[in-house]
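Below is one structure, written out as structure tokens; the observations come after it.
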Amino acid sequence: MNKRRIILKTMAVTALATASLVMAGISGAHAANAKLKIGFVGVTSGPAASWGISNARSMQTRAAWINETGGVKIGDKTYDVEIVTFDDQKDPKRAIAGMEKMAQEGIHYVVGPNVDDGAAAVRPVAEQNDIIYFPYAFPKSLYQAPASNAVLGMIANYQSGPAIYKYLKETKGVKKVAFVAANESDPLSQREGGVAAAKALGLDVVSDNITYQVDTTDFSPVLTPVMRSQPDLLVLSGVAPANAPQLIRAARELGYAGLISTETAQDAAVLKEGAGDMANGFISVGGASTPKIATDEMREFVKRYTEMFGEYNDESNTKVYALEYILETLKANPASITDVAKFKQTMDTFSAKNIFVKGDAKLKYVGMTSFGQKRQVSVPMVVTEYRNGNFETLFVAEVD
Amino acid sequence: MSALLEVKGLTKRFGGLTAVNDVSFDVHEKEILSVIGPNGAGKSTLFKLISSFLPSSSGEVLFKGQRISNLAPHIVARKGVVRTFQETTIFKSMSVRDNVIISHHLRSQASLAGYFLGTKTALADEEEFGRSADEIVEFLNLGEIRNELASNLPQGHLRALGIAIGLATNPSVLLMDEPFAGMNHDETMRTVELVRGVRDRGVTVLLVEHDMPAVMKISDRIVVINFGEKIAEGIPSEIQENEKVIEAYLGSEDDEIGM
Amino acid sequence: MEQIIANGLYLGAQYALIALGLTLIFALMNVLNFAHGQMYVIGGFVTYTVYAQLELPFVVALFASAITLAVVGALIEKFLFRPVIKKSVREESTMLLAAGIAFFLDAVILLVFGEKQRGVPKIVNGLFNYDNYTLVMPYDKILVGFLAILSITTFILYMQYSKTGRAMRALAQDKIAAQLMGVNVERYSMIGFALGAMLAGVVGGLLVSITGVNLGMGGPTSIKAFMMVMIGGAGVISGAIAGGFILGMMESVGLTVLAAYGDITYLAIFISLMIFLAFRPQGLMGKPWG
Amino acid sequence: MMLKRNQIIGVGFFLFVIFVAVPWLIHVSGRWDFYYTLTSVALLSIASGGVWLTFYIGRINIGQGAFALTGGYVAAILVVKYDVSFWLTIPIAGLFCAAVAVIIGLPILRLRGVYFAMITLVLTEVARLTALALPITNGAKGISSIPLPGELSILGLTLIPDFSTVANVKLAFYYLAAVLMVLCFAGLYRLVNSRIGHLCRSLQQNEELASSIGVNTAYLRVIAFAISSFLGGVSGAIFMAISRSIYPASFPVKDSVDFMLNCFLGGLGYVFGPMLGTFMIYFGWDVLFTTGKYQLLIYSAILILLILTLPNGVLSLRIFNKRGTAK
């Protein structure tokens with residue numbers, strides 16, 4: 001019967017396709033050497049694209065820069081850095097596939113994923129394949145033993161939150177805090193951390209259950225009940241750069257005169273376009289590009305980034321570090337290029353100069369307080385205030 | 001003769017409008033009873049009420065003394081009262097034979113799980129359905145096109161297929177919705193023969209129609225409705241002479257009692 | 001209370017305009033346009049480019065958005081939907097095409113306009129403030145709401161009184177009858193699709209002045225538009241408008257009333273929508289089975 | 001079920017490919033990453049198979065993500081909080097989803113066309129928001145660090161070894177997924193080619209007529225939807241085991257849409273359509289990863305071209321189907 005043939009042929013074609021793809025893989029697997037591949041698995045399309053894109057571009061900019069100046073010398077060998085990127089579409093299932101791809105490429109050091117669920121989902125793969133990865137996700141279980149392959153690539157909100165609230169409490173007399181978060185895993189978890197931190201500081205949390213959908217086009221209804229609780233600090237927990245200006249604008253238009261802050265990195269141009277003068281005074285956590293602390297290297301980085309991609313994204317200020325840490329740690333112990341265990345050993349004692357920040361800041365691994373092991377990069381916690389299109393440094397702190 | 005199907009005081013209101021008002025009549029075993037009436041008289045609504053495709057506002061339909069109105073259509077069908085459709089309502093992407101085979105559903109002995117597992121009963125069912133379908137297809141002169149896709153059939157054959165689908169369910173009563181609509185004289189006469197054949201198989205036929213010549217030729221008895229109400233009931237010759245009926249048909253503009 | 005209603009009305013006006021285009025395309029071609037949200041986003045970016053980058057007047061930017069999308073819509077209908085509708089066995093197959101187009105437009109938006117959130121300078125400054133913040137509404141929102149309602153009215157008048165509009169309504173009601181009456185189905189399908197896309201572009205352009213635009217807004221916007229269309233009844237213009245205002249009001253009221261219970265406003269909206277449709281499968285004003 | 005000779009050859013060949021040839025090729029080529037990709041394809045095609053069945057009764061289902069998520073959560077909660085064996089949670093997750101489908105399906109399956117499509121789409125969001133709001137699902141934080149599947153033994157006889165002791169977990173999951181996929185599609189094939197399949201088709205073509213010949217359409221619809229959701233739940237449960245975590249956003253709306261697209265792409269008229277469709281859509285994206293920032297552009301362009309040339313699914317292609325009679 002006809003149907004049988006169909007089945008037969010379907011199978012033949014399926015098999016053929018599989019085989020040819022596998023074969024194609026073989027030829028691709030033996031790539032040239034003297035290249036040091038570093039991976040990136042994160043979201044570079046869809047609603048959250050700007051997180052991953054700013055991330056990947058920072059890496060690509062830095063890699064191009066290093067390669068242009070002769071590559072990176074690790075041990076007695078010099079490598080060109082190649083960044084292999086994988087778009088996980090913010091889907092944890094894809095993130096696993098991405099991590100598998102990285103393993104296939106022989107990569108042991110990966111930056112990403114950008115969100116909690118992705119970071120949790122790739123853990124088994126990373127551990128099976130000896131991959132150290134640098135997620136931008138905050139769940140503590142990722143970094144606490146028995147987990148040991150994840151290194152937090154930035155400052156967690158439960159670390160920056162207390163510092164910011166304390167500063168605002170002491171210098172601006174903040175007493176009543178309200179929290180708003182998107183109805184998604186990451187922001188909600190961050191809100192919970194923020195609320196706990198605020199309460200620990202003795203602040204009065206007047207509103208902590210208002211959420212919004214990320215696709216909201218008018219935030220006035222969302223913020224109307226928040227405003228009624230009359231806070232003097234409004235915290236936008238884990239706010240996406242796309243939502244921040246709209247929230248600020250809606251709050252100001254509803255007559256809110258107090259402070260607004262967040263613990264995530266933002267982009268000045270986005271704030272300027274989206275909220276204009278209303279964004280003045282908005283407090284966020286930046287990286288190293290504020291004029292006060294940026295070094296020539298940082299300025300060079302921004303310049304190269306802008307040349308390569310047309311426009312700089314301030315979110316990259318915090319994302320420039322992961323690649324730097326990987327390379328510097330490898331330099332400190334060349335054996336760790338293939339041996340992840342050596343890398344982990346090195347992490348405990350590692351220290352190098354931070355070229356992006358003025359002064360004698362060091363690159364080193366921290367996290368003992370939060371995770372009980374050194375599974376976090378130490379980056380300067382630069383708390384900034386938006387003012388007329390630029391970020392100004394409020395204060396700089398460190399995490400231990 | 002005993003009443004197989006009893007229609008008692010059937011009424012249907014749509015908002016303020018009463019489409020069918022207190023209609024009662026009986027259908028006797030193995031007769032062909034036609035319900036006629038001018039356009040807009042409420043025939044179509046009455047038909048849907050009897051076949052339970054519409055819930056009634058009041059009144060009821062009894063089949064062998066049991067109430068069947070306002071039940072789900074498939075339950076009414078299961079009891080033995082099955083309708084055909086006016087339009088080209090068939091399973092378009094199946095062959096003629098498959099259309100008839102699938103319509104043997106009510107004769108299934110096996111359960112769904114049985115069909116999945118292919119039990120003995122299920123296999124016996126399949127065989128029986130195939131045999132019966134072939135018989136029905138032949139009976140309705142569809143034998144030559146049994147493997148044709150239903151959507152490719154000309155209209156005349158579609159009507160026959162509709163009847164075949166109805167017959168496959170092995171009904172006690174077959175309700176036929178305007179079986180002669182849109183047919184020329186020859187086609188109508190052929191279909192009249194088919195419907196007679198159906199009755200001769202022991203199936204009671206209730207049909208709703210407005211093709212008068214065909215109705216007069218085929219019916220054992222006729223029920224006439226106008227403005228939702230029954231105005232006459234009787235054998236064809238009585239109806240032909242009924243004053244009210246003539247008046248009703250003359251009063252309506254687009255239908256004449258042509259015979 | 002006044003504030004809640006004002007918020008709801010403003011949201012409703014913009015939602016209704018989004019839903020209009022979607023329902024028009026559905027009514028004419030039975031196509032559920034998954035790419036509607038992406039068209040809205042393109043509209044926003046075009047207005048951004050013309051108004052903020054090239055610094056031309058806002059009205060010019062709006063027109064640019066409208067025209068761009070009308071052209072895009074017409075091309076999509078002619079070269080993609082038309083052949084697929086002709087060849088496919090089941091008309092749902094157009095959903096795959098619509099989704100493919102949505103992906104494609106997403107990719108184009110990312111490559112052309114970048115990943116960042118974009119916004120434009122306020123079109124009007126100032127704030128309407130009644131009785132010391134019992135009712136506040138920035139003037140630009142009032143203007144945008146007004147323009148949205150104006151667009152809706154124009155659209156309705158156009159559909160009601162122009163020859164093209166009448167032809168499209170005939171087509172939406174009964175394709176075969178319209179064909180018999182001499183309506184050129186292909187031509188009006190294309191015009192209808194272009195018009196639907198254009199409406200999406202206009203809303204995108206209008207809203208970029210309030211909420212800005214980013215590449216991620218496409219998908220969620222489509223889904224919201226689907227919901228409004230369902231509430232009102234698929235393929236019915238008055239239904240889309242009603243659906244838009246109802247959803248806007250529900251969000252506004254829900255976010256205030258349910259605020260005390262945490263994160264459940266949208267859950268409540270979705271569930272009540274499901275219950276509503278279970279009882280009224282064709283929406284408020286739809287034909288049964290759309 | 002009667003199998004014709006070349007049918008047996010076909011099935012045998014297919015089984016040989018997925019159980020012997022693929023592992024061998026991966027071993028030879030060293031493309032270990034394909035295990036996960038193919039495992040995903042197998043699991044996603046199970047879920048798509050369910051969606052396909054709802055298409056078969058004439059309903060556009062964009063809600064499978066909701067059931068995959070539910071299945072994942074049921075399995076995760078049972079494993080983590082109640083210490084149930086993972087193997088037992090697979091059928092429980094499936095049955096739970098089927099039960100949910102019956103409760104939800106009774107009212108919503110009355111809807112047709114776009115209305116049903118949209119309400120199922122909303123269902124996916126409802127599932128995500130519910131997972132965020134409920135205490136038992138651990139809200140926003142999800143459930144992570146879930147142990148690997150343990151041993152499955154009956155009367156002391158080890159049927160499946162403890163996955164944490166298996167040398168190659170990827171291969172183990174691949175086999176698990178492949179076996180389930182084969183079972184799922186064998187079941188679907190049997191279903192579709194039995195009288196039930198014909199009944200489903202009668203529903204798809206004309207529900208009124210179907211009920212007039214005595215088919216309990218509501219019952220059949222609910223059954224089909226329940227089977228569909230069962231498959232979604234099973235696939236979600238196993239994904240949970242692979243990623244060893246589950247979050248509210250583990251199966252987003254995009255997945256629901258993808259499940260539907262898989263069916264369209266493969267061909268709605270062909271029972272193996274969803275398998276091929278999933279393979280092409282998922283694998284296609286993975287293979288295109290080398291194209292960097294043009295990945296989505298190329299991917300969607302190919303998708304559009306495919307629809308333009310084969311609007312009735314890839315399986316409607318001549319080589320698959322000489323007489324062109326869509327089933």
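Proteins get letters first, then strands, A, B, ... in listed order; numbering begins at 1 in each.
In this structure, D:F289 has its ring center no closer than 6.0 Å to that of D:W285. Between D:Y294 and D:Y299, the gap from one ring centroid to the other reaches at least 6.0 Å. For C:Y15 and C:F245, the distance between ring centers is not under 6.0 angstrom.
Only the side chain of D:I62 comes within contact range of chain C, judged by heavy atoms closer than 4.5 Å. Both the backbone and the side chain of D:L296 come within contact range of chain C, each with at least one heavy atom under 4.5 Å from a heavy atom of that chain. Proximity to chain D (any heavy atom under 4.5 Å) is shown, for C:L97, by both the backbone and the side chain. Proximity to chain D (any heavy atom under 4.5 Å) is restricted, for C:L111, to the side chain, taken from C-beta onward. Contacts of D:L121 with chain C are made by side-chain atoms alone, with heavy-atom separations under 4.5 Å and no backbone atom involved. Interface remark: D:I119 contributes backbone and side-chain atoms alike to the contact with chain C (heavy atom separation under 4.5 Å). Both the backbone and the side chain of D:F55 come within contact range of chain C, with heavy atoms under 4.5 Å apart. Contacts of D:T130 with chain C are made by both backbone and side-chain atoms, with heavy-atom separations under 4.5 Å.
The aromatic rings of D:F67 and D:F225 lie perpendicular to each other, with more than 60° between the two planes, well past the 30° mark. A tilted orientation is assigned to the rings of C:Y266 and C:F270, their planes being inclined by 30° to 60°.
Using modelled atom types, no side-chain atom of D:N138 and backbone atom of D:K141 make a donor-acceptor pair closer than 3.5 Å.
Between D:R110 and D:E207 there is no salt bridge, since no side-chain N of the basic residue sits under 4.0 Å from a carboxylate O of the acidic one. One finds a salt bridge joining C:K86 and C:E186 here, because a Lys/Arg side-chain nitrogen approaches an Asp/Glu carboxylate oxygen to under 4.0 Å.
Between chain C and the options D:V257, D:I298, D:N312, D:V122, the largest number of non-hydrogen pairs under 4.5 Å is found for D:N312. Your options are C:G100, C:A102, C:S88, and the one with the most heavy-atom pairs under 4.5 Å with chain D is C:S88. Most heavy-atom pairs under 4.5 Å with chain C: of the set D:V126, D:L109, D:V253, D:L303, this distinction falls to D:V126. Residue with the most contacts toward chain D among C:L96, C:V84, C:I275: C:L96 (heavy-atom pairs, distance under 4.5 Å). Of the listed residues (D:L306, D:L132, D:L123, D:L308), the greatest number of heavy-atom pairs within a distance under 4.5 Å of chain C belongs to D:L308.
Counting only N and O atoms by type, the side chains of D:S256 and D:T124 include a donor and acceptor under 3.5 Å apart.
Residues C:L110 and C:E115 have side chains in contact (heavy-atom distance under 4.5 Å, counting atoms from C-beta outward). The side-chain heavy atoms of D:V114 and D:I60, taken from C-beta on, include no pair separated by under 4.5 Å.
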Candidate pair C:F226 and C:F34, rule ring pair (Phe, Tyr, Trp, His ring centres under 6.0 Å), full reasoning: CA-CA 9 Å; C:F226 292 157; C:F34 272 91; 5.3 Å; yes
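Contacts of residues 259-266 of chain D with chain C at a heavy-atom distance below 4.5 Å involve D:M260, D:L261, D:F264, D:L265, listed in sequence order.
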